[in-house]
S.K.: 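Once you've had a glance at the structure underneath, I'll fire off some questions.
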Amino acid sequence: MSDATVTAPKIAARNIVKIYNHGTRNAVKAVDGLDLEVRQGEFVSLLGPSGCGKSTFLYMIGGFEKPTRGELLLDSQPIKGPGSNRGIVFQEYVLFPWQTVYRNIEFGLRVNKVPQQERAERIGKLVRMIGLQGFEDTYPATLSGGMQQRVALARALAYDPDILLMDEPFGALDAQTRSRMITDLIDIHQKTHKTTLFVTHSVQEALLLSDRVCLFSARPSKIKTIFEIDLPHPREITEDQFVAHERAIMESLEVEVSKTIALDKVEAG
Ligand SMILES: Nc1ncnc2c1ncn2[C@@H]1O[C@H](COP(=O)(O)OP(=O)(O)O)[C@@H](O)[C@H]1O
Ligand SMILES: [Mg+2]
């Protein structure tokens, strides 16, 4: 294998521009000149002011939106549309309410025509991984938000995707549940080594989870700074290096948030 093959990034975004409603009076430039490379197995957080294009970038990688300009590659191939090599978890728990936990997780396996016996084995493993043994026959509405989000995560993992795309998945959870979910996600990442892109507005969440934290600028956004977080897990939020990273990221983020507030005011007239 050549060096190029070994080091080829899992995801490569080169000079991405995204303009919604391009060429109309309602054109919105969400992203302008975004560059990012993500390595196989890496956990990368995307952080930035509200409305700066984090979800937009995730949806482009998911194949639900197309870049207006620039090059967006997955395994060195242009992304043409959605696919089961990418698992997605949203902030809202998008489970099928009329199906049990088991059937919800099974969905991707049925789509991919995995045989019955293997389906049962894989679902058993996933249910243990997310700690929901005994809830297989339960319906989503009777579960807490945290449990529903665990099911959503298991369903995304059931496809055995190469990449996990998570858009503020813990945003609607209470602090205690969120903290447990973070611990479990670190554990799952260490077991599965899925390349993960994780959108959050929480600096602490990003710091607890990530190999790198990408700070987006105010819209139209590009990546302003990438912070390498070279700390072992489990991380301690009171630890000196953690606090130092937190302070640096907060300072940089606040500058972009202020710019965004000014922009919002101008646009509101
Ligand atoms: N479907 C759409 N049509 C038009 N504008 C959109 C659409 N989706 C997002 N936008 C705009 O693009 C910008 C980036 O949005 P988004 O990616 O949701 O930001 P974030 O996830 O960082 O909060 C915002 O100004 C938003 O209003
Ligand atoms: Mg968003």
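Remember, it's a predicted structure, so these values are computed and weren't measured experimentally. Atoms within each ligand, like the ligands themselves, are counted from 1 in listed order.
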S.K.: Within the structure, does Val28 bring an N/O atom to less than 3.5 angstrom of an N/O atom in ligand 1?
M.R.: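 So ligand 1 has no N or O lying under 3.5 Å from an N or O of Val28.
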S.K.: Looking only at distances, please establish whether an N/O atom of ligand 1 is found under 3.5 Å from an N/O atom of Lys54.
M.R.: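 Looking only at distances, the answer is yes, because the N/O contact criterion of under 3.5 Å is met.
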S.K.: Hey, mind stepping through Arg219 and Asp264 against salt bridge (Lys or Arg N to Asp or Glu O under 4.0 Å) and telling me if it holds?
M.R.: CA-CA 10 Å; Arg219 71 172 180 275; Asp264 288 344; 2.8 Å; yes
S.K.: Taking the six-membered ring of Phe64 as reference, does the cationic atom of Arg86 (NZ for Lys, CZ for Arg) lie under 6.0 Å from its centre and within 45° of its axis?
M.R.: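 Cation-pi check for Arg86 and Phe64: fails.
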S.K.: Only protein N/O/S atoms count here: give how many lie under 2.8 Å from the Mg ion (ligand 2).
M.R.: 1
S.K.: Could you tell me which residues satisfy side chain to side chain donor-acceptor pair (under 3.5 Å) with His201, sequence neighbours excluded, listed by chain and number?
M.R.: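 So His201 forms a side chain to side chain donor-acceptor pair (under 3.5 Å) with Glu168.
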S.K.: Side chain of His22, backbone of Lys29: donor and acceptor closer than 3.5 Å?
M.R.: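 Judged by distance alone, no pair lies under 3.5 Å.
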S.K.: Asp160 vs Lys194, test: salt bridge (Lys or Arg N to Asp or Glu O under 4.0 Å). Steps then yes/no.
M.R.: CA-CA 9 Å; Asp160 197 22; Lys194 301 284 180 205; 2.6 Å; yes
S.K.: Can a donor-acceptor pair be found, under 3.5 Å and without considering hydrogens, that links the side chain of Asp35 to the backbone of Asn15?
M.R.: yes
S.K.: So if I count the atoms of ligand 1 from 1 in the order they appear, which ones are less than 4.0 Å from some heavy atom of Cys52?
M.R.: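 By the 4.0 Å cutoff, the relevant atoms are 19 (O), 20 (P), 22 (O).
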S.K.: Any idea which of Gly51, Pro220, Ser55, Ser50 brings a heavy atom closest to atom 14 (C) of ligand 1?
M.R.: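 Among Gly51, Pro220, Ser55, Ser50, the closest heavy atom to atom 14 (C) of ligand 1 comes from Gly51.
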S.K.: Under 3.5 Å, side chain of Asp211 to main-chain N/O of Phe43, donor-acceptor pair present?
M.R.: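 Judged by distance alone, yes, a pair lies under 3.5 Å.
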S.K.: Using a strict cut-off of 4.0 Å, indicate which atoms of ligand 1 neighbour a heavy atom of Gly53.
M.R.: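 Atoms satisfying the 4.0 Å criterion: 14 (C), 16 (P), 17 (O), 19 (O), 20 (P), 22 (O).
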S.K.: At what distance is the nearest protein heavy atom to atom 10 (N) of ligand 1, and which residue and atom is it?
M.R.: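 Going by distance alone, atom 10 (N) of ligand 1 is nearest to Tyr20 CE1, 3.4 Å.
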S.K.: Is there a protein heavy atom at a distance of less than 4.0 Å from atom 27 (O) of ligand 1?
M.R.: no
S.K.: Got more than 12 heavy atoms from elsewhere within 6.0 Å of CZ, Phe135?
M.R.: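 Incorrect, the count does not exceed 12.
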S.K.: Near Arg247 CZ, under 6.0 Å, is it more than 12 heavy atoms from other residues, nucleotides or ligands?
M.R.: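 At most 12 heavy atoms, drawn from other residues, nucleotides or ligands, come within 6.0 Å of this atom.
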S.K.: Which ligand 1 atoms does Ala30 reach within 4.0 Å, using its non-hydrogen atoms?
M.R.: 12 (O), 13 (C), 14 (C)
S.K.: Just checking Lys10: does its NZ atom have more than 12 heavy atoms from other residues, nucleotides or ligands closer to it than 6.0 angstrom?
M.R.: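 More than 12 heavy atoms, drawn from other residues, nucleotides or ligands, come within 6.0 Å of this atom.
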S.K.: Can you list the ligand 1 atoms lying under 4.0 Å from a non-hydrogen atom of Thr56?
M.R.: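 Result: 14 (C), 15 (O), 16 (P), 17 (O).
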S.K.: With a cutoff of 4.0 Å, is Gly48 in contact with ligand 1, counting heavy atoms of the residue only?
M.R.: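 Distance cut 4.0 Å: Gly48 fails for ligand 1.
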S.K.: Under the 3.5 angstrom rule, does the side chain of Asp174 hit a backbone N or O of Gln176 as a donor-acceptor pair?
M.R.: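 Yes; at least one donor-acceptor contact below 3.5 Å.
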